[in-house]
There are 2 protein chains.
Amino acid sequence: MSALPQLKDFDKFSVVHGFIPDFGATSLAASASVKRIKAGETLYVEGDDAPFCYQMISGVAKEYNTLEDGRRQVADFYGVGELFGISELTEQLHTAEAITDCAVRCFPREKFLRAVETNPVLSHRFVGALMTRLHRSRERMVMLGRMNAVQRTASFLLRLAEEQEKATDIQFLMSRQDIADHLGLTIETVCRTLTELKKKGLILMPVARLFSILDEEGLEGIAHGAAGLR
Amino acid sequence: MSALPQLKDFDKFSVVHGFIPDFGATSLAASASVKRIKAGETLYVEGDDAPFCYQMISGVAKEYNTLEDGRRQVADFYGVGELFGISELTEQLHTAEAITDCAVRCFPREKFLRAVETNPVLSHRFVGALMTRLHRSRERMVMLGRMNAVQRTASFLLRLAEEQEKATDIQFLMSRQDIADHLGLTIETVCRTLTELKKKGLILMPVARLFSILDEEGLEGIAHGAAGLR
DNA sequence: CGTTGTTTTGAGTTTTCTCAACATGTGTGG
DNA sequence: CCACACATGTTGAGAAAACTCAAAACAACG
């Protein structure tokens with residue numbers, strides 16, 4: 001029924017096996033530069049000219065859009081190996097901001113796109129990355145459009161666990177506000193929901209930025225719409 | 001019923017408007033076949049094997065995901081010329097269902113991807129299509145995550161107007177349920193919101209499946225979060 | 001230790017949803 | 001062409017979910 005196959009596995013596999021985004025190991029490497037930014041700094045802002053596209057070398061960043069009234073929607077978080085900041089326009093459509101200190105590889109946009117078009121291996125990798133990204137944003141549309149607060153939160157926790165490949169001592173690298181802006185909720189609702197999951201014994205959260213999953217099936221049940229807890 | 005170009009119009013249409021990515025005019029043309037499906041039939045179902053990817057020749061289809069409890073999220077609507085049903089997996093991630101009778105060009109998936117990788121022109125078009133798609137789904141994340149019912153509806157109406165390139169006698173090709181499933185609302189909320197826009201004199205809606213925009217700035221103001229009407 | 005920023009909890013309000021009834025349309029067979 | 005059945009769309013009333021505003025608890029940091 002539901003259960004969009006998780007692409008996380010694929011991403012991880014690809015990064016580890018150099019099968020995706022080893023965009024640095026080609027002719028592109030020469031024209032790429034490395035930039036370091038501190039936590040909280042922006043790499044680019046919505047509407048900026050977009051002379052580069054980026055690959056995360058270390059650290060985590062968030063990519064978001066801002067509405068007139070200041071509300072934000074965090075489209076995605078990018079970790080090591082991930083490619084971001086590319087669009088068909090020469091203008092950035094989002095704002096990217098470092099969550100932790102980051103090092104990013106910067107590829108000149110035009111050169112990058114040209115290389116992709118003419119190099120079958122690169123093309124394969126890039127198209128794969130784009131499709132993965134698309135798949136991910138589709139999953140998030142389902143979450144935002146059709147899940148309630150508990151479901152959104154539960155599935156987010158499971159995603160973090162999967163990304164960090166563990167079930168205990170999983171880190172929240174982002175703030176509650178970032179989580180809220182990603183899940184389409186308010187910060188208060190995120191807090192309340194986490195507390196609820198804690199009270200029901202599904203997770204452990206000794207401090208705000210760290211949690212462990214106590215009942216994975218339970219969490220999955222909730223994420224996938226089990227009644228009872230909603 | 002449907003005012004979309006029918007199959008007979010397609011040749012003329014695609015020739016005149018070069019805007020359709022002409023995936024058919026290459027070596028791929030030979031291996032592509034055309035399939036016709038009736039309104040309401042599915043082209044593929046989530047989880048199916050995905051031997052093909054598709055380009056709409058005539059008609060309109062919707063692509064959606066279903067949750068355990070039957071709730072649906074319509075990710076996108078596809079009209080003439082659009083490419084859909086491609087992912088990096090050999091399995092369909094969504095369900096595609098015809099809204100009107102449709103004719104679709106079917107490309108064998110593997111052959112298609114191979115052609116894209118090795119042909120710079122095709123690669124350029126395909127990458128462009130993917131990036132556009134990605135951009136679109138990002139916009140929808142903002143809508144689903146951070147807009148209220150009136151804003152979602154107003155921006156949807158503006159989108160339809162833009163797609164159909166007119167401000168009067170714009171058709172709803174899809175049902176209220178489809179709209180609701182796309183906007184992440186219930187059918188009742190969509191109705192109420194449309195009625196509200198009508199009462200405020202922003203749109204005209206003589207019959208359920210047809211509307212005209214009376215006050216475009218007003219609608220845009222609402223879509224972009226103007227206070228007053230919310 | 002105070003200061004500042006982040007997270008959590010509480011109380012009351014607003015929005016959207018649910019359930020139910022009613023209206024409008026469309027299509028079919030008599 | 002009418003009558004009936006069935007699908008689709010609209011409206012209303014009350015319930016539920018999430019939001020807002022406000023305050024308190026907790027952490028991090030100089």
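Since we're looking at a predicted model, the values are computed, not measured. Per chain, numbering begins at 1; letters A, B, ... match sequence-line order.
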**Request:** Do nucleotides 21-30 of chain D as a string where each nucleotide becomes B, S or -: B if the base has a protein heavy atom under 4.0 Å, S if just the sugar-phosphate does, - if no protein is that close.
**Result:** B---------

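- Between C/dT6 and A/Ser175, no contact under 4.0 Å exists linking OP1 or OP2 to a side-chain N or O.
- Taking atom CG of residue A/Leu185 and atom P of nucleotide C/dT7, one finds them 15 Å apart after rounding to whole Å.
- Applying the 4.0 Å criterion to OP1 and OP2 of C/dT16, one finds that B/Thr186 has every side-chain N and O outside that range.
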So which protein nitrogen or oxygen atoms get under 3.5 Å of nucleotides 3-5 of chain C's nitrogens or oxygens?
none

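- A heavy atom lying under 4.0 Å from DNA chain D marks none of the residues of residues 61-75 of chain A.
- Screening A/Leu202, A/Thr153, A/Asn148 against A/Ile222 for a side-chain contact (heavy atoms from CB on, under 4.5 Å) leaves a single residue, A/Leu202.
- End-to-end axis angle of the helix from C/dC1-D/dG30 to C/dG30-D/dC1, using five pairs per end and rounding to 10°, comes to 40°.
- Side chain of A/Thr195, nearest nucleotide from C/dT9, D/dT8, C/dT8: C/dT9.
- In this structure A/His94 satisfies the ring pair (Phe, Tyr, Trp, His ring centres under 6.0 Å) test with no other residue, sequence neighbours excluded.
- Qualifying ring pair (Phe, Tyr, Trp, His ring centres under 6.0 Å) partners for B/Tyr78, counting only residues two or more places apart in sequence or in other chains: B/Phe84.
- Among the nucleotides C/dT16, C/dT9, D/dT11, the one closest to any side-chain atom of B/Thr189 is C/dT16.
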